[in-house]
Amino acid sequence: VSFLRRRRATGGSGRRILFPFIGSTLSQRTLDATLRLARSQDATLVPAYLATIPHHLSLDSPAPLRESETALPMLELIEQRATHAGVAVDSRIERGRTPRHALAEMLESERYDMLVVPAKTSASDGFEPNDIAWLLENAPGEVLVLRPEPTETRAV
Amino acid sequence: VRGHYKIFLGMAAGVGKTYRMLQEGKAEQAAGRDVVIGYLEPHARAETEAQAEGLERLPRRTVEFRGTTVEEMDLPAIFQRAPELCLIDELAHTNPPGVEHAKRYEDIEDVLDAGIDVFSTVNVQHLESLNDRVAELTGVRVRETFPDSVLVSADEVVLVDLTPEALIGRLRAGKVYPAERVSAALNNFFRVENLAALREVALRQTAEDVEHKRAGSVVEALGTREELVADDAQQAVSERILALVTPRTRSQRLVRRAWRSAQRLGAELDLLYVQPPGRPPRGEEREQLEAMRRLASVLGATLLVEEGDDLVDTAARVAAERGTTYVLIGQPPPRTGLRRFGESLPDRLLRKLPGVDVRIVADRSRRLDSFGPPAERAR
């Protein structure tokens, strides 16, 4: 029983899908698609909020309050959705001077099998094309870029 | 000088927030102040409309959005009119694209920065950090949210309270929604259990806000925490939270809850992992502990790793050393076998830590285990 519980808690296949995100809105379709993917692979979803630390603060200082106030409810919401979808979840917050810097830090420290990246649209936050191009060149492993329909306005 | 900000907080539509705001606005006007209504959403309620009589109302502006014309608050007109006090209803409202800000609470910030006092209204379910909790309690997720910092930054928060029964009575009498919407409202959101839960959330929120402001004024009057520690007086003015964590993913929710409580109480946050002696974490546990360390660093919390045979004894020692006033624990595993006859973890903590509050944070995944995910429940 404990073996089964362990498998359930960590995602049965042991695969990890890393899902970095920035900003305060995330496309609902993107999240839904990522959850479907994680569920189909029996993988653990690793949502990672990328916090930006201003230059006047040390990089290892606590994130500005507004960043934490954005990150925690977003992670809570993703975790809630994941739990409802039957997907194991293991949340992270990563810091950097810019989203790309935080991405680089995250790639250094996280183990993953697939990277799912939400692209920015007019209705939801996400990564800019130049950051995605950088990821495609530099991130090891499988990378999946998700861009919702630009007119899609549902966001979490 | 920034304007004075007063927020009328309620548990749900129809409790009388807007009415109370107008009432206090008229009292200010009667006292000789220049008061205008910047934006009013009377929802066709006769009582509200009647209360607005006698107050100057700024016209709305029209904005084109997705092929339709919508009426919105005219922010430039407020600056031009420059009253002493401006009444602005529904601060959580989302503006259409093309106006100054995405959210009305951001418009209000500009008005306050212009030195104009503001009275505004909001329901508790719009508060960002409570959004999940309210959705869990009521099954209804609210789309329009506002950050907790808005409520924290307000100079005054007034709770407009009504019992669930009285609110339902108002609803039935057609004082909240038109007759054709009453039945649907009663069957969905406006149920006694929903309203009772929301009322509790609103009461707690206001109490915490009062506590936060009182603690702030005490610190202002007596000095910083460090100065007070030097006077051996920290117990009287400040809270310190200790969250008992494990290198498991489920502890992350506990940390998030603990951080939120720490923010509200203005408390320091310590995370404690009690490691079995001679058994340093390995593999996945080590990975999780490292992730916990990074999370603690991002949130400005302190992660303590202490070796100990007994969780409660170690926690009690650390709590005494750190001056802990509040302990948060995750949901303990079900007690089986002979353990069922022993003392539970919360009971032991309460006994070993007299005077320290103990709070249990539910394990959401375990709750879903009990009921099954929605898809399975539907089968």
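To find a chain, count down the sequence lines: A is the first, B the second, and so on, and within it residues start at 1. As the structure is a prediction and not an experimental result, all values here were calculated from the model.
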Mark yes when over 12 heavy atoms from residues, nucleotides or ligands other than [X] sit less than 6.0 Å from its [atom1]; otherwise mark no.
X        : atom1 : answer
B/Arg2   : CZ    : yes
A/Lys120 : NZ    : no
B/Glu100 : CD    : yes

Checklist entry - Relative to chain A, which segment of B/Leu295 carries a heavy atom at a distance below 4.5 Å: side chain, backbone, both, or neither? => result side chain
Item to check | Engaged part of B/Glu290 at the chain A interface, taking heavy atoms whose separation is under 4.5 Å | outcome: neither
Using 0.5 Å steps for rounding, measure from the [atom1] atom of [X] to the [atom2] atom of [Y].
X        : Y       : atom1 : atom2 : value
B/Glu284 : A/Asp90 : CD    : CG    : 7.5 Å
B/Gln252 : A/Ile93 : CD    : CD1   : 9.5 Å
B/Arg253 : A/Gln80 : CZ    : CD    : 8.0 Å

Item to check | Stepwise salt bridge (charged side-chain N to carboxylate O under 4.0 Å, His left out) check, A/Glu110 with B/Arg294 | outcome: CA-CA 12 Å; A/Glu110 286 302 325; B/Arg294 288 206 303 276; 2.7 Å; yes
Next on the checklist: Determine whether B/Arg256 and A/Leu75 satisfy the following criterion, side-chain contact (heavy atoms from CB on, under 4.5 Å), listing intermediate values before the conclusion.
Outcome noted: CA-CA 9 Å; B/Arg256 292 198 292 266; A/Leu75 290 171; 3.9 Å; yes
Which heavy atom of [X] sits nearest a heavy atom of [Y], and at what distance?
X        : Y        : answer
A/Val89  : B/Thr249 : O-CB, 3.7 Å
B/Val298 : A/Ser68  : O-OG, 4.3 Å
B/Gly300 : A/Pro62  : CA-CG, 3.5 Å

Checklist entry - Quick one: what part of A/Glu94 sits under 4.5 Å from any heavy atom of chain B, side chain, backbone, both or neither? => result side chain
Checklist entry - Which answer fits A/Arg111, side chain, backbone, both or neither, if we ask what part of it has an atom under 4.5 Å from a heavy atom of chain B? => result side chain
